[in-house]
There are 2 protein chains.
Amino acid sequence: MTAPVSGVRTRTRQAILAAAVSTLASDPSASLGDVADAAGVGRTTLHRYFAERSDLVVGVTEECARAVVAAHARARVLDGTGREALLRLCREYFDLGDVLALAFNGVVDLDGGLPGDESGLSVRVCERGHDDGSLDRGQPALWLVNVLWCSLYSGWAWMQEHGASRHDALELLLRTLDGAVRPRD
Amino acid sequence: MTAPVSGVRTRTRQAILAAAVSTLASDPSASLGDVADAAGVGRTTLHRYFAERSDLVVGVTEECARAVVAAHARARVLDGTGREALLRLCREYFDLGDVLALAFNGVVDLDGGLPGDESGLSVRVCERGHDDGSLDRGQPALWLVNVLWCSLYSGWAWMQEHGASRHDALELLLRTLDGAVRPRD
DNA sequence: CCATAATGAAACAACGGTGTTCCATAGCGG
DNA sequence: CCGCTATGGAACACCGTTGTTTCATTATGG
């Protein structure tokens, strides 16, 4: 029942969304002209697809939500201990790249844009880790989620500022996170 | 040799700087009108003290630098092991409050605004921790500094988003950081 | 090949922030 | 009390972004 949309239109729409993701990731206050340029498209055309800036943000948010849901699936959060699941989730999140940056700089509200049962997923992983004793019970589940995101940001910043390889940054980040959330002796 | 400045002027200047710190901390792109309002001062007066926005940012940066230098002194970074010094430094940084937020959101460039021998202080603390074996040698000193700042942000966000007390946030943050940087067994 | 869809360029008004000027007023100090 | 300093308010031009309209051009598909 979806409106019949020409292949050209969906391709243009995708190009604009992709450009918006990467442009807004590096500069949240980039102008619509910048986004249009990055998409190789006139500003007029951009407005034809997304009437207002807020409409574009909505589109970007949906795009990000899709990526996050896919990452959740790949992380197989029910396998192994809670800590193992958390570290796998961390790997998958790290691979989200620009989507991660958009969440950090507040362009998109990931929790708000996610389908209900997905938004609390990381909290549930941490609670499972508390139950099976693989995560430090001295740190509340919500706090551990906080730590996960701050670690992700840390790894991301490390890549940007020191030109580290994606792989090296991820390994450092996982080492640090593992130590941070492990039960104390 | 400094120009003779009336008490009124220095007081007004301080009021504007204080308002700028708190206003820009919560919204980096706040207008000068917002800052003036927060200072209880006309926009005209603000411009009389800081001709351009960039001048105000310079003033704010100097203000922050002073606060950071004072924090460094209180942290007694040469006492105890490197890890102990790092955790003390973390405590003092956490107390910087809005200054911390200004550094996070990029309004001020702390490293750039600090006197030369102060800017690399946290790196040297981490290197000392590597030497005395109190910090994980698997994480480079620069990375550990990165982790310190991301942890600070984490604690800050925890307070903002969950209404946690300053004390509780700091304790959680120190527990997490300690686990993150401790040598692995 | 021709009708329609899709696009780009230009021009426009509106808006908000910035930096400046001018003038009136309040307040402190001699 | 007088004068100088500090201030606030209003008005102004300037600039970049936004959202809209118009018109000409391209390309897609039946």
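Just so we're clear, the structure is a prediction, and the values are computed from it rather than from any experiment. So you know, we letter chains A, B, ... as the sequences are listed, proteins then strands, and number each from 1.
For B/Arg137, the salt bridge (Lys or Arg N to Asp or Glu O under 4.0 Å) criterion is met by no residue, not counting sequence neighbours.
Both B/Val8 and B/Asp34 sit near DNA chain C, but only B/Asp34 has its closest nucleotide nearer the 5' end.
The CG-P distance, from B/Asp37 to C/dT18, rounds to 12 Å in whole Å. Following rounding to the nearest Å, B/Phe50 (CZ) and D/dT7 (C1') show an atom-to-atom distance of 16 Å. When rounded to the nearest whole Å, the span between CZ of B/Arg9 and P of D/dT5 equals 11 Å. Rounded to whole Å, atom P of D/dT17 lies 16 Å from atom CG of A/Leu56.
Residue B/Ser31 has its side chain nearest to C/dT18 when only C/dG8, C/dT18, D/dT18 are considered.
Residue B/Phe50 qualifies as enclosed at atom CZ: its count of foreign heavy atoms under 6.0 Å is above 12.
Salt-bridge annotation for A/Arg66 and A/Glu63: present, with a side-chain N of the basic residue lying under 4.0 Å from a carboxylate O of the acidic one.
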### Task
Given side-chain contact (heavy atoms from CB on, under 4.5 Å), test B/Tyr153 with A/Tyr153 step by step and report yes or no.
CA-CA 10 Å; B/Tyr153 179 80; A/Tyr153 179 79; 6.0 Å; no
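Scanning atom types as modelled, no donor and acceptor separated by under 3.5 angstrom connect the side chain of A/Arg48 and the base of D/dG19.
For D/dT7, one of the phosphate oxygens OP1 or OP2 lies less than 4.0 angstrom from a side-chain nitrogen or oxygen of B/Thr12.
If you look at B/Tyr93 and B/His72, their ring centroids are closer than 6.0 Å.
Using modelled atom types and a 3.5 Å distance limit, the side chains of A/Asp178 and A/Thr176 yield no donor-acceptor pair.
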Might you list the N or O atoms of the protein lying below 3.5 Å from N or O atoms in nucleotides 19-21 of chain C, with each pair's distance?
unit_1, atom_1, unit_2, atom_2, d
C/dG19, OP2, B/Arg53, N, 3.3
C/dG19, N7, B/Arg43, NH1, 3.1
C/dG19, O6, B/Arg43, NH2, 3.1

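A/Tyr49 comes within 4.0 angstrom of sugar-phosphate atoms only, judged by non-hydrogen atoms across all strands, and of no base.
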